[in-house]
Amino acid sequence: AQKVTQAQTEISVVEKEDVTLDCVYETRDTTYYLFWYKQPPSGELVFLIRRNSFDEQNEISGRYSWNFQKSTSSFNFTITASQVVDSAVYFCALQRDSSYKLIFGSGTRLLVRP
Amino acid sequence: GAGVSQSPSNKVTEKGKDVELRCDPISGHTALYWYRQSLGQGLEFLIYFQGNSAPDKSGLPSDRFSAERTGGSVSTLTIQRTQQEDSAVYLCASSLPTGANTEAFFGQGTRLTVV
């Protein structure tokens with residue numbers, strides 16, 4: 001079975017703090033894709049990153065970084081020097097190879113206070 | 001427009017009425033998806049279109065739910081005889097055909113409230 005767990009329901013930090021959002025997934029597939037989406041108050045899901053199962057290199061994009069570890073089935077997301085505009089719900093998702101269906105975690109609501 | 005467009009953005013309907021939700025995907029995106037986001041269930045897959053056909057309707061929760069897509073573009077999700085448990089945000093997404101580098105782009109959703 002495929003499953004994504006985001007154990008942190010809500011996180012509150014003060015601006016400029018670093019924050020890590022956890023994502024643990026379950027799959028028996030050898031080829032799969034992992035995603036992070038951001039859902040601001042406006043409602044749309046904004047694509048942040050897509051990573052395939054064969055690429056365990058960590059990725060950095062500005063203040064965002066992702067740590068993919070197959071050994072622990074985790075794909076964690078870190079925001080460095082958080083800003084108020086980072087306040088949103090963040091979803092981690094899993095997609096099987098050649099599939100179209102995204103299996104989402106329950107989301108983590110991040111509140112960045114000024 | 002440049003992104004996925006959904007209408008209406010908000011819909012309040014009386015229990016038992018039918019509703020239609022519309023999705024206009026990104027031009028050139030042949031794949032289209034409907035998801036439902038509700039408090040108790042999180043984000044759930046409903047249906048997938050490739051062109052005008054729907055090879056996977058497995059997420060539709062009951063036969064009151066149906067969807068169609070015409071001209072390989074606009075899609076309509078119809079809920080008949082709405083129930084209070086249908087209240088949710090209905091999200092539409094589109095993408096290039098599934099394969100390498102095909103992320104889905106989402107619309108802002110339609111918030112449906114059944115009273």
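Throughout, a chain's letter reflects where its sequence line sits, starting with A, and its residues are numbered from 1. Since this is a predicted model, take the numbers as computed values, not measurements.
- Heavy atoms of B:Ala93 lying under 4.5 Å from chain A are absent altogether.
- With no hydrogens or angles considered, a side-chain donor-acceptor pair links A:Gln39 and B:Gln37 at under 3.5 Å.
- For B:Tyr35 and A:Phe104, the gap between ring centers is short of 6.0 Å.
- No chain of hydrophobic side-chain contacts below 4.5 Å, direct or via other Ile, Leu, Val, Met, Phe, Trp or Tyr residues, connects B:Leu21 to B:Val89.
- A continuous path of Ile, Leu, Val, Met, Phe, Trp and Tyr side chains, each step under 4.5 Å between heavy atoms, connects A:Leu34 with A:Tyr64, placing both in one hydrophobic cluster.
- Looking at B:Leu91, only its side chain comes within 4.5 Å of chain A, counting heavy atoms on both sides.
- Here CG of A:Leu102 is found 14.0 Å from CD of B:Glu44. Values are rounded to the nearest 0.5 Å.
- With hydrophobic clusters built from ILVMFWY side chains whose heavy atoms lie under 4.5 angstrom apart, A:Val24 does not share a cluster with A:Val89.
- Across A:Lys101 and B:Ser58, no two heavy atoms sit closer than the pair NZ-OG, 3.5 Å.
- Using a 4.5 Å cut-off between heavy atoms, A:Ser106 makes no contact with chain B at all.
- Ring geometry for A:Tyr100 versus B:Tyr48: interplanar angle under 30°, hence parallel rather than tilted (30 to 60°).
- Ring geometry for A:Tyr37 against B:Phe106 counts as perpendicular: the plane angle is over 60°, on a 0 to 90° scale with 30° as the lower cut.
- Placement of A:Ile79 and A:Phe35 in two distinct hydrophobic clusters is found when ILVMFWY residues are connected by side-chain heavy-atom separations under 4.5 Å, directly or transitively.
- Around CZ of A:Arg51, the count of heavy atoms belonging to other residues, nucleotides or ligands within 6.0 Å exceeds 12.
- Other residues, nucleotides and ligands place no more than 12 heavy atoms under 6.0 Å from the CZ atom of A:Arg109.
- Taking 4.5 Å as the limit, some side-chain heavy atom of B:Leu43 sits within range of a side-chain heavy atom of A:Leu45.
- By the 6.0 Å contact criterion, NZ on A:Lys70 is enclosed, its count of non-hydrogen atoms from other residues, nucleotides or ligands being greater than 12.
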